[in-house]
S.K.: 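Handing you this structure, nothing more for now.
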Amino acid sequence: MKRYGLFIGGEWLEASSGTTFDVLNPADRTVVGQAAAGNAADVNKAVDAAARAFPDWSKRTARERSGLLAKIYDGMMKRKEEIARLMTLEQGKPLGEARGEVQYAADFFQWYGEEAKRIYGETIPANSPDKRIWVLRQPVGVTAAITPWNFPAAMITRKVAPALAAGCTMVAKPAEQTPLTAALLAEIMQEAGLPPGVFNLVTGTQAEEIGDALLADSRVRKLTFTGSTEVGKTLMRKAADTVKRLSLELGGQAPYLVFADADLEQAAIEVTASKFRNAGQTCVCTNRVYVHHSIKEEFAAILARYAQELKVGNGLHEGVQIGPLIDEQALDKVESHVRDAVDQGARVLTGGRKLRPSEQETGCFYEPTVLLDTTEKMRVEQEETFGPVLPIHAFETEEEALALANNTPYGLAAYLYTRDLSRAVRVSERLEYGIVGVNDGMPSTAQAPFGGMKQSGLGREGGRQGIDEYLEVKYVSVGLK
Ligand code: NAP
């Protein structure tokens with residue numbers, strides 16, 4: 001059993017309340033560890049530590065910061081299996097997926113370790129011969145990160161790595177369900193020799209109190225948040241009081257457009273990977289499939305066959321491909337979406353029920369489900385289901401498919417499958433989404449700028465662009481007289 005305190009100023013501390021909370025395995029509801037229950041007083045201590053650490057950290061050379069990030073990458077690689085197992089224990093995803101996430105998460109340290117060396121400025125020709133204009137890019141300062149449970153490692157490293165590379169310090173608050181992976185990452189950063197206070201972790205169950213303390217503190221110059229659109233909007237309102245910089249990675253509602261010329265088996269492999277990964281609990285998961293009417297029945301049958309073959313159970317068990325949903329609330333949402341679709345005439349091709357894989361597996365399991373003939377009126381097409389449910393809706397024309405795909409307040413990821421190059425270009429340019437996968441259901445990678453349009457968020461994480469979120473632009477106008 002893991003037991004972690006708060007990581008503040010390079011030390012592991014008890015919470016000021018003196019209390020801890022249990023972390024449960026969503027597969028069987030056993031206690032897998034305990035984390036310290038931090039509160040506003042702990043946030044204050046963590047911001048003190050981050051503010052104290054900032055002047056020295058921001059003055060280190062890019063080469064030094066880069067070297068430390070590389071050490072953190074190596075530390076994660078050495079403890080890859082341990083991180084992956086802990087993640088499966090507290091989050092439920094299959095071990096193979098957890099290993100994949102550790103690699104993805106570590107890649108941000110490697111990528112931004114390199115980017116730290118490329119924080120270039122500019123010179124601009126001035127209007128007078130005795131003036132010079134220089135543009136500098138400088139670290140924002142103390143930053144705060146609030147992260148969700150669905151990617152317990154990657155959602156933290158995608159923020160920490162560019163922040164540290166830029167010369168910022170950080171206070172992070174992970175989700176209540178997954179504090180242990182976050183604490184293990186802090187331990188790895190400590191072992192790599194990260195100076196005290198550069199990264200601080202406040203775990204806890206009082207999200208609003210912790211969030212409010214971070215937002216009210218004017219020393220915190222930026223908030224980077226990943227989570228639901230609803231909470232993101234609340235944080236955005238509260239951030240207005242101190243005019244904090246914001247990055248918001250919010251909910252998605254991804255469409256997958258499958259055109260008549262698609263290689264159906266390959267398209268089904270991509271859709272299945274995109275939909276059922278992490279039991280459908282990813283922000284870029286396919287939420288609805290739009291398929292050309294001429295191939296609807298054939299394609300739906302292939303998808304139903306793939307879905308039936310997926311093995312559901314405890315993520316630590318051999319061969320399991322779908323773990324439990326995170327909690328009862330998530331299960332209720334999935335059940336209500338399916339009920340609503342069926343009540344309005346959708347056909348269940350496979351799945352559609354909750355599941356108890358064995359006597360011990362008492363968590364919230366749900367059968368991989370494929371629904372045919374869903375419509376725009378159904379909740380499965382309107383809201384993020386965040387579960388293993390795949391609605392299929394037929395279209396007649398490219399124009400109609402695009403209108404259906406774009407008819408949502410969200411704009412994170414969209415996908416299309418076609419072998420027609422002109423169509424691929426045309427459609428991908430008209431999709432109002434920050435990420436478009438063309439014949440690719442798994443586009444996320446450290447070197448690409450991940451992020452959403454519309455109510456899916458602000459800013460980008462990953463890629464060359466991701467570091468800009470942690471840099472201020474300053475120009476210096478120099479008179480030579
Ligand atoms: P959530 O309920 O919004 O929670 C996210 C984080 O915010 C958690 O740490 C939570 O703490 C905290 N929080 C909740 N209420 C708060 C408040 N009033 N003030 C401050 N912090 C608060 O989202 P979730 O259920 O964990 O995650 C699922 C959502 O995240 C989905 O909508 C998904 O699409 C989205 N997501 C987006 C991306 C992306 O890159 N765009 C990536 C992954 C997930 P507690 O856990 O302690 O409540």
Side-chain angles (χ1 to χ4, degrees), residues 21 23-24 26 35-40 43 90-91 93 101 104-105 108 144-159 171-179 181-182 201-216 220 223-239 244 246-254 277-287 325-330 333 383-387 408-413 433-435 443-444 448-462 466 469:
F21 61 100
V23 181
L24 302 182
N39 61 19
V43 168
E90 69 174 352
Q91 197 271 345
K93 67 178 64 182
E101 182 182 338
Y104 174 56
F108 288 98
I146 300 180
T147 57
W149 49 264
N150 64 341
F151 287 93
M155 295 304 98
I156 294 183
T157 62
R158 215 160 74 165
K159 300 177 184 310
V171 178
K173 187 218 107 45
E176 178 182 344
Q177 293 97 332
T178 56
T181 306
L201 185 74
V202 179
T203 51
T205 55
Q206 302 304 314
E208 190 168 351
E209 178 181 335
I210 294 172
D212 285 356
L214 287 166
L215 285 166
V220 176
L223 171 72
T224 167
F225 170 77
T226 299
S228 61
T229 296
E230 190 192 342
V231 173
K233 286 179 184 176
T234 304
L235 299 180
M236 196 174 182
R237 284 187 202 104
K238 291 182 179 176
K244 283 198 204 322
L246 280 178
S247 299
L248 301 173
E249 293 284 353
L250 309 178
Q253 230 279 53
R277 186 161 71 101
N278 207 5
Q281 302 170 111
T282 90
C283 52
V284 291
C285 263
T286 295
N287 204 60
L325 293 167
I326 194 72
D327 55 25
E328 295 283 348
Q329 219 185 325
K333 187 175 188 189
E383 300 169 27
E384 189 182 35
T385 304
F386 235 53
T408 164
Y410 297 100
L412 187 58
Y433 289 82
I435 303 159
S444 305
F450 188 106
M453 296 181 181
K454 294 156 87 181
Q455 294 186 28
S456 287
L458 298 174
R460 293 294 179 266
E461 288 189 332
E469 305 283 327

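Residues take their numbers from the sequence shown, with the count starting at 1. Both counts, for ligands and for their atoms, begin at 1 and track the order of listing. Keep in mind that what you see is a predicted model, and the values were worked out from it rather than measured.
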S.K.: Can you name the residues that form a salt bridge (charged side-chain N to carboxylate O under 4.0 Å, His left out) with K159, not counting sequence neighbours?
M.R.: E461
S.K.: Looking only at heavy atoms of V284, does any of them come nearer than 4.0 Å to an atom of ligand 1?
M.R.: no
S.K.: If you compare all heavy atoms of L201 against all heavy atoms of P174, which two are closest, and at what distance to 0.1 Å?
M.R.: CD1-CD, 3.7 Å
S.K.: Please state whether W149 comes within less than 4.0 angstrom of ligand 1, counting heavy atoms only.
M.R.: yes
S.K.: Going by heavy-atom distance to atom 10 (C) of ligand 1, choose the closest among E249, Q281, K173, E176.
M.R.: K173
S.K.: Show the atoms of ligand 1 that are less than 4.0 angstrom away from any heavy atom in P174.
M.R.: 9 (O)
S.K.: Check each heavy atom of T226 against ligand 1 and say whether those closer than 4.0 Å belong to the side chain, the backbone, both or neither.
M.R.: both
S.K.: If the contact criterion is a heavy-atom separation under 4.0 Å, does G232 count as touching ligand 1?
M.R.: no
S.K.: Should the proximity of F225 to ligand 1, defined as any heavy atom under 4.0 Å, be assigned to the side chain, the backbone, both, or neither?
M.R.: side chain
S.K.: Quick check: do Q91 and F151 have side-chain heavy atoms less than 4.5 Å from each other?
M.R.: no
S.K.: Return yes when R158 approaches ligand 1 closer than 4.0 angstrom through a heavy atom, no otherwise.
M.R.: yes
S.K.: E249: which residues meet the salt bridge (charged side-chain N to carboxylate O under 4.0 Å, His left out) condition with it, sequence neighbours left out?
M.R.: none
S.K.: Apply the test side-chain contact (heavy atoms from CB on, under 4.5 Å) to residues T408 and Y433: give CA-CA distance (whole Å), side-chain angles for both, the deciding distance (0.1 Å), then the verdict.
M.R.: CA-CA 10 Å; T408 164; Y433 289 82; 3.2 Å; yes
S.K.: Could you establish whether T234 and ligand 1 come within less than 4.0 Å of each other, counting only heavy atoms on the residue side?
M.R.: no
S.K.: Below 4.0 Å, non-hydrogen atoms only: which portion of M155 touches ligand 1? Side chain, backbone, both or neither.
M.R.: side chain
S.K.: State whether the side chain of E101 and the backbone N or O of A154 hold a donor-acceptor pair below 3.5 Å, judged by distance alone.
M.R.: yes
S.K.: Which heavy atom of the protein is the closest neighbour of atom 6 (C) of ligand 1, given with residue, atom name and distance?
M.R.: T147 O, 3.5 Å
S.K.: Is it true that Q177 lies under 4.0 Å from ligand 1, counting heavy atoms only?
M.R.: yes
S.K.: If we set the cut-off at 4.0 Å for heavy atoms, which region of L250 has an atom near ligand 1: side chain, backbone, both, or neither?
M.R.: backbone
S.K.: Taking non-hydrogen atoms only, is E384 closer than 4.0 angstrom to ligand 1 via side chain, backbone, both or neither?
M.R.: side chain
